[in-house]
Asks: 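Got a structure here, written out as structure tokens. Questions coming.
Just so it is clear: chains get the letters A, B, ... in the order the sequence lines come, proteins before strands, and each one is counted from 1. Computed from heavy atoms alone, side chains included, the values below leave out hydrogens, waters and symmetry copies.
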Amino acid sequence: MKKYNHKTIEEKWQKFWNKEKMYNVNTQNETKNKFYNLVMFPYPSGDKLHVGHWYNYSGTDIYGRFKRLQGYDVMQPIGFDSFGLPAENYAIKTGIHPDESTTNNIKQMRKQLKAIGAMWDWSHEVVTSSPEYYKWTQWVFAQLYKNGLAYRKNAPVNWCPSCQTVLANEQVQDGTCDRCSSEVTKKSLTQWFFNILKYADQLLDHEGLEWPEKTVTMQKNWIGKSKGCNVDWLVKDSKLKLSTFTTMVDTIYGVTFVVISPEHPLLSELITEENKDSVQKYIEKAKKKSDIDRMAEGKEKSGVNTGMTVVNPLTGKEVPLWVADYVLMNYGTGVVMGVPAHDQRDMDFAKKYGFEIVQSICNNNDETFVYDDVDKYNVKGKIVDSGEFTGLSILEGRKAITKKLESEKFGKETTQYKLRDWLISRQRYWGAPIPIVYDPEGNPHLIPEEHLPWVLPTDVDYNPKGASPLATSQELVERTEKIFGKGWRPEVDTMDTFVCSSWYFLRYPSATEETVPFNIETTNKWMPVDMYIGGPEHACMHLLYARFIHMVLRDLGFTKVKEPFKKLVHQGLITKDGAKMSKSKGNVVSPDEFVEKYGSDVFRMYLMFMGPYTEGGDWNDQGITGVMRFREKLWNTISTDAVIKEDLKSEYETKLNQTIKKVGEDLESFQFNTAIAALMEFLNFAIKSGIDTKGKKALSVIIAPLAPHFAEECWVTLGGDGSIFNQAWPKFDAKKTILDTAEIAVQVNGKLRGNFKIPRGTEESSVVDQAADLENVKKFLEEGQIVKTIYVPDKLVNFVVKT
RNA sequence: GCCGAAGUGGCGGAAUUGGUAGACGCGCGGGAUUCAAAAUCCCGUUCAUGCAAGUGAGUAAGGGUUCGAUUCCCUUCUUCGGUACCA
């Protein structure tokens with residue numbers, strides 16, 4: 001028996017896999033059972049890989065290797081999502097070009113990714129900041145543009161007046177700039193949008209996707225479709241009309257005020273002279289507050305009177321028009337009808353400013369209620385004090401009132417979404433340039449495909465004053481004029497990095513192709529992604545954007561596949577001392593020292609043994625010795641000759657079959673912790689019973705996804721041929737997974753009083769008799785009369801005794 | 001505020017079509033081995049009580065359904081995550 005030297009052994013096998021190109025997939029080849037195993041690609045940060053990445057990629061690789069052993073042609077690509085803010089900030093700080101720092105970080109991370117010993121297919125690597133990739137990101141933009149899905153409109157950005165620059169949300173701290181602490185304001189810029197709303201209904205349909213229920217719910221809530229009614233209110237002494245959106249038009253007789261958002265474009269025309277000052281002040285104050293600030297103030301409402309009144313189209317009643325920042329401009333119409341009797345927020349507002357509270361609906365017990373759950377009350381309540389509609393059920397009333405409003409042209413049934421169109425413009429340097437140029441009249445034109453990649457200029461000031469960095473490039477202007485003519489100007493904004501990551505899964509299988517973004521035939525062969533693994537924080541952004549872009553390209557005929565990600569799993573978060581790991585907190589745990597000391601196999605097994613994959617957990621290294629001991633014992637057992645003890649042979653068979661079954665099921669469902677526990681249990685038994693070569697081989701194969709280098713070494717030690725990953729997952733005999741004896745628990749009134757063994761399948765009467773005969777059971781049975789006996793075959797007897 | 005998830009030994013965690021709570025591992029205690037230590041092996045390890053057999057309590061707290069509840073229902077508390085006051 002040789003000593004197990006993880007360092008040389010792991011190095012040896014990584015070299016072997018590399019040399020044999022074992023995990024490089026030729027996507028041109030025919031395949032009957034492809035398996036596209038995908039993990040969300042990393043951002044190449046200067047922090048390098050931490051244990052959280054290892055956790056993420058270990059689970060991915062375990063699943064991929066498991067699928068390979070099950071006979072699938074597995075493709076498990078990796079790449080880098082390399083455009084983004086951190087590299088740009090680093091450049092501003094150090095003067096090092098983002099391209100240089102990014103390239104260095106990628107080099108570092110490649111090395112670390114290789115140390116995992118994962119079956120990455122490096123032949124299909126993508127780097128989103130390379131011209132070879134972003135050329136096609138620009139092509140994606142072009143497809144949307146040509147099909148009317150990309151358009152320009154004004155949208156506000158965070159603006160630091162002191163730095164003269166646009167700030168990301170994360171750069172705004174309590175309303176101030178995180179660099180210079182001056183107060184951040186809003187500035188309106190013309191920006192590019194993708195019309196994701198057009199796909200809202202399709203995105204709501206998750207049919208056929210094997211996704212966590214929670215994620216589907218989150219996306220549905222994010223899209224937030226709701227049916228309701230727009231109602232028009234005439235403004236008294238004015239020619240203006242205000243439209244409100246409501247999902248509860250049935251309460252329109254209970255309206256006692258109307259509230260308008262401080263950002264509403266018509267607001268300036270809706271203030272009486274005497275209220276001008278106070279409203280102006282209020283608007284100024286609201287402008288400075290971010291949406292998060294507004295929310296942080298909790299239930300405390302604020303508002304101010306415009307002095308105007310509006311007219312209820314059904315009752316003719318005049319109600320006051322107020323301004324309040326609890327009304328958001330970016331949802332509905334930016335104007336809300338106030339129904340304090342049945343809406344909590346309106347109730348809070350009315351109580352604070354003394355508005356009348358008028359009931360217009362009640363439940364079936366004639367009680368009033370706050371209308372916070374549409375579905376709950378649809379069926380239950382009815383309309384009261386509402387003229388001709390009184391007495392109708394809420395649902396009937398809603399229909400009747402909508403109909404009346406429509407016939408009198410004061411309203412219209414409408415559908416609203418919470419989802420907004422996707423703003424893709426960024427006033428940043430380190431991103432894919434938007435492939436647009438403007439003619440001398442300022443009209444946008446798509447840059448023809450022959451000029452792609454429309455390369456990112458290098459002669460720029462990363463920290464410009466007042467405009468996007470690309471605006472400082474002389475070369476970009478010259479290039480534009482040279483190609484398009486005098487007076488033509490380039491677009492200077494770049495694309496949101498989410499655009500880069502919204503189609504990379506289409507690029508992977510075709511990554512070696514230079515003339516197309518992706519080969520349609522290859523795509524139809526390899527898509528959809530069969531398993532997609534990544535953090536739950538991407539539920540509403542990346543996972544929605546990627547589905548959207550995929551749907552657009554699908555509708556344009558580039559793929560026949562309906563949805564990009566068939567199965568989805570979210571790994572849990574690994575924290576350190578309860579906090580997310582970050583350089584700024586100084587709690588980043590590097591995997592490198594553990595890999596050095598224990599090896600990749602032990603380290604990844606330990607990470608997986610910490611708990612369920614989807615839960616994550618707080619990092620500590622206290623238990624890693626247990627996994628280390630497990631590997632040592634397993635190595636000793638496999639590399640030592642032994643025979644199975646005669647008296648334990650049948651139990652051994654059962655245990656082995658049980659373990660093969662259990663480990664297979666657990667790997668399939670990402671319960672790696674219990675898979676490892678089952679392997680440990682089997683090893684503990686095998687040390688007692690002895691194990692033959694057939695058993696050792698089976699054991700090596702089922703542990704291979706978890707400890708790939710170790711398994712390879714076991715395989716050659718056992719005289720196996722080639723790589724263990726060309727073996728098949730062992731079959732188990734279902735009949736042999738069940739022991740022929742069973743243990744019966746005996747309860748009296750549900751309390752355990754004893755147990756005994758029976759041959760499986762013993763007759764009920766016999767088991768009950770034996771149970772009643774146990775000394776400790778007798779004692780309790782004598783205390784009263786047996787009124788009932790419950791028998792669960794091969795499991796339990798419960799005597800119900802009455803005293 | 002709203003939405004979602006989760007609370008089990010000293011610690012990480014296991015067990016749910018309702019059927020013996022604490023698998024597996026860490027740690028700890030005892031023993032073997034050793035001149036000694038490390039490593040390794042064996043035994044024990046939810047708490048209380050008892051020499052023991054056993055008994056009582058116990059899965060965040062309180063109630064309910066049931067012969068039987070970590071598992072189902074209601075209420076409350078705590079922690080974590082998400083958040084765009086969605087009319």
Asks: State, with a plain yes or no, whether a side-chain heavy atom of A:I744 is found less than 4.5 Å away from one of A:T762.
Replies: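 Sidechains of A:T762 and A:I744: no contact.
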Asks: Step by step, work out the side chain to side chain donor-acceptor pair (under 3.5 Å) result for A:T306 and A:Y282.
Replies: CA-CA 11 Å; A:T306 64; A:Y282 187 81; over 6 Å; no
Asks: Mapping A:N749 and A:V249 onto RNA chain B by nearest heavy atom, which one lands closer to the 5' end?
Replies: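 It is A:N749, whose closest nucleotide lies nearer the 5' terminus.
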Asks: Of the listed nucleotides (B:C24, B:A87, B:C26), which one gets closest to any side-chain atom of A:T625?
Replies: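 Shortest atom-to-atom distance from the side chain points to B:C26.
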Asks: Below 30° counts as parallel, above 60° as perpendicular, anything between as tilted: where do the rings of A:W635 and A:F710 land?
Replies: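 It falls in the perpendicular class, over 60°.
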Asks: Nearest to the side chain of A:N776, which nucleotide is it out of B:A23, B:U55, B:U20?
Replies: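 Of the options given, the side chain of A:N776 lies nearest B:U55.
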Asks: Please work out if A:Q622 contacts a base, only the sugar-phosphate, or nothing of the nucleic acid, heavy-atom cut-off 4.0 Å.
Replies: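 Sugar-phosphate, backbone atoms only, no base.
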Asks: Who is the Watson-Crick or G-U wobble partner of B:G81, with both distances under 3.5 Å?
Replies: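 B:C3 is the nucleotide pairing with B:G81.
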Asks: On a whole-Å scale, what distance lies between the C1' atoms belonging to B:G62 and B:U45?
Replies: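 Approximately 32 Å lies between the C1' atom of B:G62 and that of B:U45.
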Asks: Which one, B:G68, B:G25, B:A87, comes nearest to the side chain of A:T246?
Replies: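 Selected nucleotide: B:A87.
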Asks: Whole angstrom is fine here: how far is it from CG in A:D618 over to P in B:G7?
Replies: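 Those two atoms, CG and P, are 17 Å apart.
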Asks: For B:G56, does OP1 or OP2 lie under 4.0 Å from any side-chain N or O of A:R753?
Replies: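 So the side-chain polar atoms of A:R753 do come within 4.0 Å of the phosphate oxygens OP1 or OP2 of B:G56, strictly under.
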Asks: Are more than 12 heavy atoms from other residues, nucleotides or ligands located less than 6.0 Å from atom NZ of A:K317?
Replies: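 Counting neighbours around NZ of A:K317, more than 12 heavy atoms of other residues, nucleotides or ligands fall under 6.0 Å, so yes.
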Asks: A:N673 side chain N/O closer than 4.0 Å to the phosphate oxygens (OP1, OP2) of B:G25?
Replies: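 Indeed not, no polar side-chain atom of A:N673 lies that close.
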Asks: For a quick check of understanding: with a heavy-atom distance under 4.0 Å over all strands, which category does A:P536 fall into, base, sugar-phosphate or nothing?
Replies: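 Touches nothing.
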Asks: Taking any strand in view, what nucleotide pairs with B:U70 in a Watson-Crick or G-U wobble way, both distances under 3.5 Å?
Replies: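 Paired with no nucleotide.
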Asks: Report the base-pairing partner of B:G10 (Watson-Crick or G-U wobble, both distances below 3.5 angstrom), or none.
Replies: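 Pairing partner: B:C26.
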Asks: Taking atom P of B:A87 as reference, at what distance in whole Å does atom CZ of A:F245 sit?
Replies: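 Atom CZ in A:F245 sits about 7 Å away from atom P in B:A87.
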Asks: C1' atom, B:G30 versus B:U78: distance in rounded Å?
Replies: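 These two C1' atoms come out 39 Å apart once rounded.
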Asks: Nearest to the side chain of A:I790, heavy atoms from C-beta on, is which of B:U83, B:G19, B:G13?
Replies: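 Of the candidates, B:G19 comes closest.
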Asks: Between atom OH in A:Y791 and atom P in B:G68, what is the gap in whole Å?
Replies: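 Going from A:Y791 (OH) to B:G68 (P), I get 21 Å.
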Asks: Taking B:C28 as the reference, what is the distance to B:U20 when you measure between their P atoms (whole Å, please)?
Replies: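 Their P atoms lie roughly 32 Å apart.
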Asks: In whole angstrom, give me the gap between the P atoms of B:A6 and B:A57.
Replies: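 Result for the P pair: 29 Å, nearest Å.
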Asks: Between B:A57, B:A23, B:C67, spot the one nearest the side chain of A:K751, thanks.
Replies: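 Of the options given, the side chain of A:K751 lies nearest B:A57.
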Asks: Of the nucleotides B:G4, B:C24, B:C85, which one has an atom closest to the side chain of A:L328?
Replies: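 Minimum distance to the A:L328 side chain belongs to B:C85.
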Asks: When all nucleic acid strands are considered with a 4.0 Å heavy-atom cut-off, which category describes A:N755: base, sugar-phosphate, or nothing?
Replies: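 Base contact - A:N755 has a heavy atom under 4.0 Å of at least one base atom.
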Asks: Let me know the distance between NZ of A:K418 and C1' of B:C3, rounded to the nearest Å.
Replies: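 Distance, rounded to whole Å: 9 Å.
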Asks: Given atom CG of A:D621 and atom P of B:G12, what is their separation to the nearest angstrom?
Replies: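 Between P of B:G12 and CG of A:D621: 15 Å.
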Asks: For A:S226, answer base if it contacts any base atom (sugar-phosphate contacts may also be present), sugar-phosphate if it contacts only those atoms, and nothing otherwise; contact means non-hydrogen atoms under 4.0 Å.
Replies: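 The answer is sugar-phosphate, as A:S226 gets under 4.0 Å only of primed atoms, P, OP1 or OP2.
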Asks: Using a heavy-atom cut-off of 4.0 Å across all strands, would you classify A:K225 as base, sugar-phosphate, or nothing?
Replies: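 Touches nothing.
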Asks: Roughly how far apart, to the nearest Å, are B:G29 and B:C80 at atom P?
Replies: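 33 Å, rounded to whole Å.
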Asks: State the pairing partner of B:U33; accept Watson-Crick or G-U wobble contacts with both distances under 3.5 Å, and report none otherwise.
Replies: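 Pairing partner, where one exists within any strand: none, as none qualifies.
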Asks: A:E615 has an atom CD; how far is it from atom P of B:U8, in whole Å?
Replies: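 Checked: the CD to P distance equals 12 Å.
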Asks: Looking at B:U17, which nucleotide sits across from it as a Watson-Crick or G-U wobble partner, both distances under 3.5 angstrom, or is there none?
Replies: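 Check on B:U17: unpaired, no WC or wobble geometry under 3.5 Å.
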Asks: Find out whether A:E615 and A:N673 are in side-chain contact, i.e. whether some heavy atom of one side chain is under 4.5 Å from a heavy atom of the other.
Replies: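 They are not in side-chain contact.
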Asks: Honestly, is A:R547 close enough over A:W211, meaning NZ or CZ under 6.0 Å from the six-membered ring centre and within 45° of the axis?
Replies: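 Yes, cation above the ring, under 6.0 Å and within 45°.
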Asks: Do the rings of A:Y606 and A:W619 sit parallel, tilted or perpendicular, given the 30° and 60° boundaries?
Replies: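 The arrangement is perpendicular - the two ring planes meet at more than 60°.
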Asks: Which whole number of Å gives the distance between the P atom of B:A39 and that of B:C26?
Replies: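 That atom pair is separated by 12 Å.
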Asks: Picking from B:C85, B:A87, B:G27, which would you name as closest to the side chain of A:D325?
Replies: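 Taking heavy atoms from C-beta onward, the closest nucleotide is B:C85.
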Asks: According to the interplanar angle, ranging from 0 to 90°, do the rings of A:W422 and A:F548 count as parallel (below 30°), tilted (30 to 60°) or perpendicular (above 60°)?
Replies: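 Perpendicular, since the angle between the ring planes exceeds 60°.
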Asks: Just name whichever nucleotide pairs with B:A38, Watson-Crick or G-U, keeping both distances under 3.5 Å, else none.
Replies: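 Check on B:A38: unpaired, no WC or wobble geometry under 3.5 Å.
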Asks: Please determine whether a side-chain nitrogen or oxygen atom of A:R629 lies at a distance below 4.0 Å from atom OP1 or OP2 of B:A39.
Replies: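 No, outside the criterion.
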Asks: Roughly how many Å apart are B:U59 and B:C47, using the P atom of each and rounding to a whole number?
Replies: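 Taking atom P in both B:C47 and B:U59, they lie 15 Å apart.
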Asks: Scan A:T789 against the nucleic acid and name what it touches under 4.0 Å (heavy atoms): base, sugar-phosphate only, or nothing.
Replies: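 It contacts nothing in the nucleic acid.
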Asks: Provide, to the nearest angstrom, the distance between the CG atom belonging to A:L573 and the P atom belonging to B:G12.
Replies: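 So the two atoms are 17 Å apart, to the nearest Å.
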Asks: Rounded to the nearest angstrom, tell me the gap between atom CE in A:M329 and atom P in B:A84.
Replies: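 Going from CE in A:M329 over to P in B:A84 covers 18 Å.
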Asks: Please give the nucleotide sitting opposite B:U46 as a Watson-Crick or G-U wobble pair, both distances under 3.5 Å, or none.
Replies: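 Checking every strand shown, B:U46 finds its partner in B:A57, with both distances under 3.5 Å.
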Asks: When you measure from the side chain of A:E681, which nucleotide among B:G19, B:C67, B:A23 comes out closest?
Replies: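 Nearest to the side-chain atoms of A:E681, counting from C-beta on, is B:A23.
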Asks: What nucleic acid atoms does A:N684 come within less than 4.0 Å of, heavy atoms only: base, sugar-phosphate, or nothing?
Replies: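 Result for A:N684 = sugar-phosphate.
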Asks: Relative to the ring of A:F670, is the ring of A:F672 parallel (under 30°), tilted (30 to 60°) or perpendicular (over 60°)?
Replies: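 A:F672 and A:F670: tilted rings.
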Asks: Would you mind telling me which residue lines up with the more 5' stretch of RNA chain B, A:K214 or A:T333, judged by nearest nucleotide?
Replies: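 Final value for this comparison: A:K214.
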Asks: Using the P atom in both, what is the distance from B:A48 to B:U33, to the nearest Å?
Replies: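 Looking at atom P only, B:A48 and B:U33 are 32 Å apart.
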Asks: Check every strand shown and say whether A:F780 touches a base, only sugar-phosphate, or nothing at a heavy-atom separation below 4.0 Å.
Replies: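 The residue A:F780 makes sugar-phosphate contact but no base contact.
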